Amino acid sequence: MNILEGLNGPQREAVTTTEGPLLIIAGAGSGKTRVLTNRIAYLIREKNVSPYNILAITFTNKAANEMKDRVERQLDMPARNMWISTFHAACVRILRDGADRIGYKSSFIIYDTSDSIALIKSCLKDLNLDPKYYDPKAMLRAISRAKDKLIFPNRFEKEMSSDFRGRKTAAIYKEYQKRLRDLSAMDFDDLIMKAVDLFKNNEDFLAQYQKKFKYIMVDEYQDTNHAQYELIKILSKRHGNICVVGDDDQSIYGFRGADIRNILDFEKDLPNAKIIKLEQNYRSTQNILDAANNLIVHNKGRKGKKLWTNIKDGADIALFEADDDRMEARYVVSEIVSLVDKGFSLSDMAILYRTNAQSRVMEEELAQDQISYRVVGGLRFYERKEIKDILSYLRLIQDPSDEISFLRIVNEPTRGIGDKTIDEITRFARTKGISLYEASKDADAASLSKRQIKNVTSFTEIMDQLIGFKDDMSISSLIEQVLDKTGYSDALKNAGTPEAEARMDNLGELVNAAKEFEKDNPDLALEDFLTNIALVSDIDSLEQGQGIVMMTVHSAKGLEFPVVFLVGMEDGLFPISKALDDPAGMEEERRLCYVGITRAKSILYVTYARARNTYGRVVVNVPSRFIKEIGIAPQHKVYDKSDLRAKREETKPKPKGDYRVGMKVLHRMWGSGMIVQVKDMGNDRELSIVFNSVGLKKLSANIAPLKIEEGENG
DNA sequence: CCGTCGTCATTTTTT
DNA sequence: ATGACGACGG
């Protein structure tokens, strides 16, 4: 079997252009992964390149694993020597190798967002700053953006010194980095920034890697930030064989520091670069592609390309206007049922939305009809409280000097160690220059009461015992021991609530995950398990299973489904309200919508609701401007909503009919919108409705059954 | 020190 | 609507 067989012209060229810088503009569904895997196979088989010399970077672990599998299948040999991984995973590997050169232990731990926020809070306390004014999340965002741009604390300080707040932010950044180092911890952004730093300051170390990586490939290049760009640039400097694959129309991570200029300016950076466009789409029907093309031409800053396909027109795009979010969900469910009747499988379908919060109504209505579903993302598994608690125990076992983990679980479950005791231990630890855990072990020496000493000692005894287990026990058994010895299981069992039961189930899942990990990586230790968990996301484990999947459009990037429901297409939701008066943001929303549309292979549904429950309030919206841009004619499909209405009333009886709009303005909103108070005469209760500016204009038309009374405030 | 009550933010998107 | 977090009283 020939590697070039079945490839079209541009694809073939992309596979065989192995030397020098190459930019592949790969439209959605243009066989990008195939090109990348074949290119690797071509390098090894035809060009006699050693797998050892190849570095392939993908965006998600899922994509990395898929690529690894496909390469292995194609070459019929294990890809063990090849680096196929995400930016973050590759950097962890590099950093563990060179950690000592930047003053880190090679066993450094990786902080996720909530760990980072906890640490920022702790820094604020030390710096005597009010978290009300210096919002930890906002601070972390600022720091994160700086790291994306490789701005270290010193430079940040210089650049931000013009105002008071900037100086304080710089101080927080500085303190945060210092604390991270003391804790031998790195956050997500550090992984990239420190890897670049390590290379820049250690020529011999860099030379080693430059020599090794003769051929570098980067997938989803449009989503790289400046730091990632620098990393690639520095690594590829020696051999110059850098191949990046991306689609400027699918750049959707600007909020995370992704710099679309990386792709738009590729030729400027590398004047001898070759550019290949893959414009033939093998995924979707012509109708779906037309929709996508119609939409994306409204964006200005793009390289410009037009997808085409040999696949026939296919079904019209279905557009549905629901009265509210529940009816929208009802409609989706009824369509799913009829598609299943027509022979579609649930696993052929996906519901995509802009925000995670939208999954809720969908879940309720799917459950109502007993349709199995899976929600990807949202409250991620590894971010649940009980999971984080147990992981904190594991981290503390791994590294007893980890103070954030220590603080998280000293009193979880409650064992009588409160703020007073912890303050005292902290003070003691600081004066002696030891870690909190060491200080606890020396509780007698600290000025603690008898009772406090007893509580603290019982904690350290449990911990010491667990630490003793570490080396001669599997990870899963260790987790079971943690659950048992710390009393965590007992505390949950005693609670006896259904919610505690769910937590127990999740912990069971964690034990399973550990068993799975042991099976796949028999030679790896606890440290590697923790690293793996820190870098893995739910989407990575999305497998062909039963049930319809639900996820955000962001999560769906890189995936495809025969049937896609793109729901919640309303101005203010998609595009999100924050982007409404921000041209760059609007373009990103449009690209996001483009990603959503192009996930569909044969059937695409677009739905929106005129009113939607948000923050426990009813919000009246207008259809998304993108619907017009796509050019879906409303007459594509006409539905009789009466049975949907009936069904909705049946499942969730709502007050009907005779509202009285009091027009008492509770709160004036952005633009000309407002919140008004409404009296529901049917149920004798009051509720408030939010009207945005356009919604207000259409008030009488939109809410025909409502009787509007004279307002108090006009 | 522990639990309960009230207040507040949350809804952008994630490695 | 719901959950996280801080303030209070037992």
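Sequence lines set the chain letters: A, B, ... in the order given, protein chains first and strands last, and positions in each chain run from 1. Values reported hereafter were calculated over all heavy atoms of this structure, with side chains retained and with hydrogens, waters and symmetry mates removed. The model shown is predicted, which means the values in this text are computed figures rather than measured ones.
Of the candidate nucleotides B/dT11, B/dT14, B/dT12, B/dT11 has the atom lying nearest to any side-chain atom of A/A357. For A/I576, counting side-chain heavy atoms from C-beta on, the closest listed nucleotide (B/dT12, B/dT13, B/dT11) is B/dT12. Taking every side-chain heavy atom of A/H554 into account, B/dT13 is the closest of B/dT13, B/dT15, B/dC1. Out of B/dT15, B/dG3, B/dT12, the shortest distance to the side chain of A/T414 is found at B/dG3. Taking the side chain of A/F255 as heavy atoms from C-beta on, and the options C/dC5, B/dT13, B/dC1, the nearest nucleotide is B/dT13. Picking from B/dC1, B/dT15, B/dT13 the nucleotide with the shortest atom distance to the side chain of A/H88 gives B/dT15.
We find that CZ of A/R145 is positioned 12 Å from C1' of B/dT13, with the value rounded to whole Å. Separating the CZ atom of A/F574 from the C1' atom of B/dT13 is a distance of 10 Å, rounded to the nearest angstrom. Straight-line distance from the NZ atom of A/K578 to the C1' atom of B/dT11: 8 Å, rounded to whole Å. Between A/N411 atom CG and B/dG3 atom P the separation is 9 Å, expressed in whole Å. Regarding A/R384, its CZ atom lies at a distance of 12 Å from the P atom of C/dA4, rounded to whole Å. In this structure, A/Y353 places its OH atom 13 Å from C1' of B/dT11, rounding to the nearest Å. Protein atom NZ of A/K62 is 16 Å distant from nucleotide atom P of B/dT14, rounded to whole Å. Atom CD in A/E424 sits roughly 16 Å away from atom C1' in B/dC1 (whole-Å rounding).
With a 4.5 Å cut-off on side-chain heavy atoms, A/E220 and A/Y253 do not count as touching.
Residue-level contact check: A/N356 touches the backbone only, with heavy atoms under 4.0 Å from sugar-phosphate atoms and none from bases. Across all strands, A/T421 comes closer than 4.0 Å only to sugar-phosphate atoms, never to a base (heavy-atom distances). Counting non-hydrogen atoms under 4.0 angstrom, A/Y615 reaches a base of the nucleic acid. Among the protein residues, A/D112 comes within range of no part of the nucleic acid, since none of its heavy atoms lies under 4.0 Å from any strand.
For A/F87 and A/K137, each mapped to the nucleotide of DNA chain B holding its nearest heavy atom, the one lying further toward the 5' end belongs to A/K137. The residue among A/D135 and A/T552 whose nearest nucleotide of DNA chain B lies closer to the 5′ end is A/D135.
Cation-pi contact between A/R96 and A/F108: present, with separation from the ring centre below 6.0 Å and deviation from the ring axis of at most 45°.
Remark: A/E424 engages A/R427 in a salt bridge, criterion side-chain N to carboxylate O under 4.0 Å.
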For this session: Could you check A/F255 against A/H554 for ring pair (Phe, Tyr, Trp, His ring centres under 6.0 Å), going step by step and ending with a plain yes or no?
Result: CA-CA 12 Å; A/F255 68 95; A/H554 280 92; 5.7 Å; yes
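Scanning both residues, A/A611 and A/V618, for their nearest heavy atoms gives CB-CG1, 3.9 Å.
With no hydrogens or angles considered, no side-chain donor-acceptor pair links A/D219 and A/T58 at under 3.5 Å.
Side-chain N/O atoms of A/R256 and base N/O atoms of B/dT13 include no donor-acceptor pair closer than 3.5 Å.
OP1 or OP2 of B/dT14 lies within a sub-4.0 Å distance of a side-chain N or O belonging to A/S555.
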